[in-house]
Amino acid sequence: MSIPSGAPAAAPRVPEAVHRRRWAILAVLMFSLLIVVLDNSILNVAVKTIASPAPTGIGATQSELEWAINSYTLVFAGLLFTAGLLGDRIGRKKVLLAGILVFGLGSGLAALSASPGQLITWRALMGFGAAFVMPATLAVLMNVFERDEQPKAIGIWAGGVGLGIAIGPITGGVLLEHFWWGSIFLVNVPVAVVALIAMVLLVPDSRDPEPGRVDPLGVVLSIVGLVLLVYGIIRGGELASFTDLTVLAPLLGGLVVLAVFVRHEKRSSHPSLDIAYFRKPAFSAAVSAIALVFFALMGVTFFSAFYLQSVRGYSALQSGLLILPLAAAQMIFAPRARLVVDRFGARAVCTAGMLLVAGGLAAFAFFDAGTPVWVLCLVFFVQGTGMAHIMPPVTVTVMQALPRERAGSGSAINNTFRQVGGALGVAVLGSVLSTVYRGRIEGHLDGVPAAARDVAGESIEATLGVASRLGPAGRPLIAAADDAFIGAMHVTALGSAAVALIGALVVGVFLPGRAAGAARTDRPEREPARSASGPSQG
């Protein structure tokens, strides 16, 4: 499955029958993508309900709740690269259909879980299906749009990712207000059925016509390395420490295995991934930008949920609605980002986008318990605007660097860096938040019984739980918890902004400027007559 390290050859024309229905195909891909992305965030609003005893919930402990979230992330991130390779080899439509089917099945079973163990298992199955959906949607997109229209289509695709992240909490909040906790998973089943039918009818198949020999060692190394790395990141976030042996062992093991993977790919005559692409500054800068922006953004999304609900007292639904400006900005600007890139170049646009994201993150360092709602909405809108001018250009840079036949591999690289960056953001910035919070709240726990003191210092939710059990005597502790959390949030927000500034530096130095960007997006006139031949379509 070797990827040539030279410039991609001119892609064959898309068949006329496929070209005519390209926007309908994109709508189907967006529909499939939405439930997968949405499910990444929808569970967060239901954790309190699931932790409740039956019949309200299933009595999950804090550790079990964390693994209900992390089992999905672990399987999803570990299989992304392999799923992209498999799509290139056997056909992206087949992989997409199988992924949606498994995801829908896992969703139905998760909704009917009678114990935390079952929920963790079925969430892992959902992650397995999602890993085959995510890269396939972008790979199919690259094979139904001509090169000149790909930036616009990718902009819409990126806007859909942002929309899914934002409306997850809203959807979860609405469902939990009217139905039982399992409805947040059951809602995926009819959506999956509709998506399957639409895919069968509309989406063409495509694959690499010359996939070459299989690289089984490379596939195994990529899975083992990514799973160990992501597990170490998750474990570090759970313990709020990256020095524990149970964190260091998988982290270092994952890095060693991935280093062996890179060495193997360099020496293999039939590599799964041609490492030579990472020697191109623009390509490496693009995937680095993807990881850095999601590192910063997922970290701030993590602590903003506690700020809005625990400190400000908003419900899960209200908190979700406050993030709508972020989704609106992405839906407005992401599909149009290509026009700005055509005029100013990818370097200037992505740098400006990163600076907007950094500014939005830094704004959290000035928030307090009484910050006006309109200021929150404005900051989220600024963050969404910044992301809308980062994700489409860098995704175009990654995807157009590889031949169309290797679109699955390119999509897998794009999504793997996004997922690992996001997991790192939650773990590292979550650890910073937890450490600073504990340091600030410990001085206010003198009146708390010794048995509850250690638990009370773990998080603002734990402190508020202890304070509620103390009755009127716990009111000063509530105020202290709010102050301690806001102080910890300020530190974490500045850390997030610093990461975004590093991203701005990376894209500002290594992405192509206006002349190169314009050359990449020049729009050739369409041929008056289209050939029936094209990329392998089934």
Side-chain angles (χ1 to χ4, degrees), residues 34-76 100 102-130 163-195 234 237-238 298 301-302 304-306 308-310 313-324 426 430 458-462 464-465 468:
L34 192 61
I35 58 171
V36 171
V37 176
L38 183 148
D39 197 79
N40 266 322
S41 57
I42 198 172
L43 182 59
N44 293 326
V45 303
V47 290
K48 289 184 179 179
T49 306
I50 295 172
S52 303
T56 303
I58 52 177
T61 65
Q62 181 66 29
S63 176
E64 289 167 338
L65 287 172
E66 289 173 352
W67 274 108
I69 296 171
N70 294 336
S71 61
Y72 180 99
T73 303
L74 191 63
V75 176
F76 181 67
I100 285 289
V102 171
F103 184 84
L105 177 63
S107 297
L109 292 170
L112 302 175
S113 297
S115 68
Q118 290 181 10
L119 179 60
I120 292 169
T121 300
W122 303 135
R123 284 281 296 167
L125 183 64
M126 292 171 67
F128 184 93
L163 178 65
I165 292 171
I167 69 172
I170 300 172
T171 305
V174 170
L175 290 170
L176 290 173
E177 282 192 359
H178 296 91
F179 306 101
W180 99 112
W181 68 268
S183 62
I184 64 171
F185 300 118
L186 195 62
V187 70
N188 292 333
V189 176
V191 177
V193 171
V194 172
I234 290 171
E238 286 178 351
M298 293 307 289
T301 301
F302 174 76
S304 66
F306 289 102
L308 293 173
Q309 295 183 45
S310 300
Y314 294 118
S315 68
L317 177 57
Q318 290 169 330
S319 299
L321 290 172
L322 284 173
I323 302 176
L324 267 182
V426 172
E458 288 181 355
S459 66
I460 185 172
E461 282 295 316
L464 293 178
S468 67

Heavy-atom neighbours of Trp122 CH2 exceed 12 at 6.0 Å: no
Aromatic ring pairing Phe76/Tyr72, orientation class (parallel under 30°, perpendicular over 60°, tilted between): parallel
All side chain to side chain contact (heavy atoms under 4.5 Å, CB included) counterparts of Val102, not counting sequence neighbours: Leu125, Phe128
Distance (rounded to the nearest 0.5 Å) between Phe179 CZ and Ile184 CD1: 13.5 Å
Trp181 vs Ile58, side chain to side chain contact (heavy atoms under 4.5 Å, CB included): CA-CA, chis, key distance, verdict: CA-CA 9 Å; Trp181 68 268; Ile58 52 177; 3.7 Å; yes
Atom of Gly104, atom of Ala192 and distance for their closest heavy-atom approach: CA-CB, 4.0 Å
Enumerate, atom names and distances included, each donor-acceptor pair closer than 3.5 Å involving a side-chain atom of residues 106-118, sequence neighbours excluded.
residue: Ser107; atom: OG; partner: Phe103; partner atom: O; Å: 2.8
residue: Ser107; atom: OG; partner: Asn188; partner atom: ND2; Å: 3.2
residue: Ser113; atom: OG; partner: Leu109; partner atom: O; Å: 3.4
residue: Ser113; atom: OG; partner: Ala110; partner atom: O; Å: 2.9
residue: Ser113; atom: OG; partner: Leu119; partner atom: N; Å: 3.4
residue: Ser115; atom: OG; partner: Gln118; partner atom: N; Å: 3.3
residue: Gln118; atom: OE1; partner: Ala114; partner atom: N; Å: 2.9

